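Heads up, the thing below is written out as structure tokens.
This is a predicted model, so every value here is computed, not measured. Residue numbering restarts at 1 for every chain, and letters A, B, ... go by the order of the sequence lines.
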Amino acid sequence: RKEVEQDPGPFNVPEGATVAFNCTYSNSASQSFFWYRQDCRKEPKLLMSVYSSGNEDGRFTAQLNRASQYISLLIRDSKLSDSATYLCVVNTNAGKSTFGDGTTLTVKP
Amino acid sequence: NAGVTQTPKFQVLKTGQSMTLQCAQDMNHNSMYWYRQDPGMGLRLIYYSASEGTTDKGEVPNGYNVSRLNKREFSLRLESAAPSQTSVYFCATGGLLDSRNQPQHFGDGTRLSIL
């Protein structure tokens with residue numbers, strides 16, 4: 001079993017839709033969590049950190065469920081420009097970062 | 001404000017040739033990483049360096065060597081390139097804040113083709 005697992009998708013949604021991605025992790029000692037966005041063949045870029053109480057940045061909401069060991073990303077009012085691959089990242093305090101393989105989102109007109 | 005700079009951006013090699021990918025950062029981060037990403041696949045960690053003077057193997061280290069030259073620079077060397085090493089290579093840096101790993105920052109990548 002992979003340490004960090006994501007549904008690869010693809011998720012195909014119309015503009016304006018709400019879409020949610022989940023990411024599960026196996027290491028209960030994980031300390032910090034992030035969502036990255038990666039456009040085709042480009043470098044991953046930090047989208048947002050995930051805080052224990054949940055956090056929001058505009059149309060994006062991230063949540064953490066430590067008991068069930070998953071994080072989620074909710075995108076509201078999807079835009080064409082949201083089309084990308086979304087990677088979740090889980091860090092342990094031992095200095096290790098583990099990336100999920102990503103979930104591909106395509107937003108269509 | 002360069003952040004993480006990788007050179008070269010593109011390279012074509014013949015099987016058996018050697019080359020070194022360079023990575024430099026101006027973010028004053030202790031940790032540096034090398035990943036490869038094959039088409040349609042996730043990132044795979046090749047090597048990482050938690051601090052100057054230390055390096056450790058990642059998930060796919062075979063066929064590669066690394067050097068952490070100083071705090072700023074972390075190079076990846078292919079001693080004898082093979083077609084299976086055709087990939088996009090990303091360098092990343094990360095820091096610690098209050099003993100927690102902060103998010104990694106990536107360079108633009110090196111697109112490497114081996115014929």
Side-chain angles (χ1 to χ4, degrees), chain A residues 1-10 21 23-25 27 29-52 55 57 60 62 64 66 71 73 84-106, chain B residues 2-7 9-10 21 23 25 27 29-51 54-60 86-113:
Chain A
R1 182 188 171 191
K2 289 186 177 181
E3 289 189 50
V4 177
E5 294 205 59
Q6 295 184 249
D7 180 347
F21 310 133
C23 169
T24 58
Y25 61 94
N27 188 341
S30 299
Q31 291 283 332
S32 51
F33 309 87
F34 308 97
W35 282 102
Y36 279 71
R37 171 195 170 122
Q38 185 175 26
D39 293 293
C40 187
R41 302 288 280 177
K42 294 198 171 181
E43 78 275 20
K45 292 185 177 179
L46 178 67
L47 179 65
M48 60 195 301
S49 302
V50 185
Y51 301 121
S52 298
N55 49 297
D57 182 1
F60 299 84
L64 167 65
R66 285 192 183 272
I71 63 174
L73 178 68
T85 297
Y86 292 85
L87 311 174
C88 70
V89 182
V90 176
N91 290 352
T92 66
N93 63 353
K96 185 180 174 185
S97 296
T98 304
F99 283 75
D101 287 342
T103 297
T104 299
L105 171 67
T106 301
Chain B
V4 182
T5 302
Q6 290 184 236
T7 55
K9 294 197 185 311
F10 303 92
L21 280 60
C23 177
Q25 54 114 349
M27 306 184 78
H29 286 163
N30 285 320
S31 301
M32 298 186 74
Y33 309 83
W34 276 107
Y35 295 89
R36 62 176 287 175
Q37 188 173 36
D38 299 330
M41 306 290 285
L43 295 166
R44 289 189 291 172
L45 183 65
I46 305 171
Y47 271 94
Y48 67 100
S49 169
S51 62
T54 68
T55 61
D56 287 285
K57 294 179 180 179
E59 182 185 353
V60 289
T86 294
S87 191
V88 180
Y89 290 83
F90 290 107
C91 174
T93 72
L96 279 176
L97 182 63
D98 298 330
S99 300
R100 287 191 164 203
N101 279 322
Q102 297 305 297
Q104 294 181 23
H105 296 264
F106 286 79
D108 292 344
T110 295
R111 283 138 187 86
L112 182 61
S113 293

Open item on the list: As an exercise, state the distance from CG of B:Leu43 to CG of A:Leu87, rounded to the nearest 0.5 Å.
Closed with: 6.0 Å
Kindly list each side-chain donor-acceptor pair under 3.5 angstrom involving residues 35-44 of chain A, sequence neighbours excluded, with atom names and distances?
unit_1  : atom_1 : unit_2   : atom_2 : d
A:Trp35 : NE1    : A:Ser72  : O      : 3.2
A:Tyr36 : OH     : B:Gln104 : N      : 2.7
A:Tyr36 : OH     : B:Gln104 : O      : 2.6
A:Arg37 : NE     : A:Asp39  : OD1    : 3.4
A:Arg37 : NE     : A:Asp39  : OD2    : 3.2
A:Arg37 : NH1    : A:Ser81  : O      : 2.9
A:Arg37 : NH2    : A:Asp39  : OD1    : 2.9
A:Arg37 : NH2    : A:Ser81  : O      : 2.6
A:Arg37 : NH2    : A:Ser83  : O      : 3.3
A:Gln38 : OE1    : B:Gln37  : NE2    : 3.0
A:Gln38 : NE2    : A:Lys42  : O      : 2.6
A:Gln38 : NE2    : B:Gln37  : OE1    : 2.7

Open item on the list: Determine whether the aromatic ring centres of residues A:Phe99 and B:Phe90 are separated by less than 6.0 angstrom.
Closed with: no
- [ ] Any pair with a residue in residues 40-49 of chain B that passes salt bridge (charged side-chain N to carboxylate O under 4.0 Å, His left out), sequence neighbours left out, goes on the list, sorted by first then second residue, please.
- [x] B:Asp38-B:Arg44
Task: Separation of A:Ser97 OG from B:Tyr48 OH (nearest 0.5 Å) - done: 10.0 Å
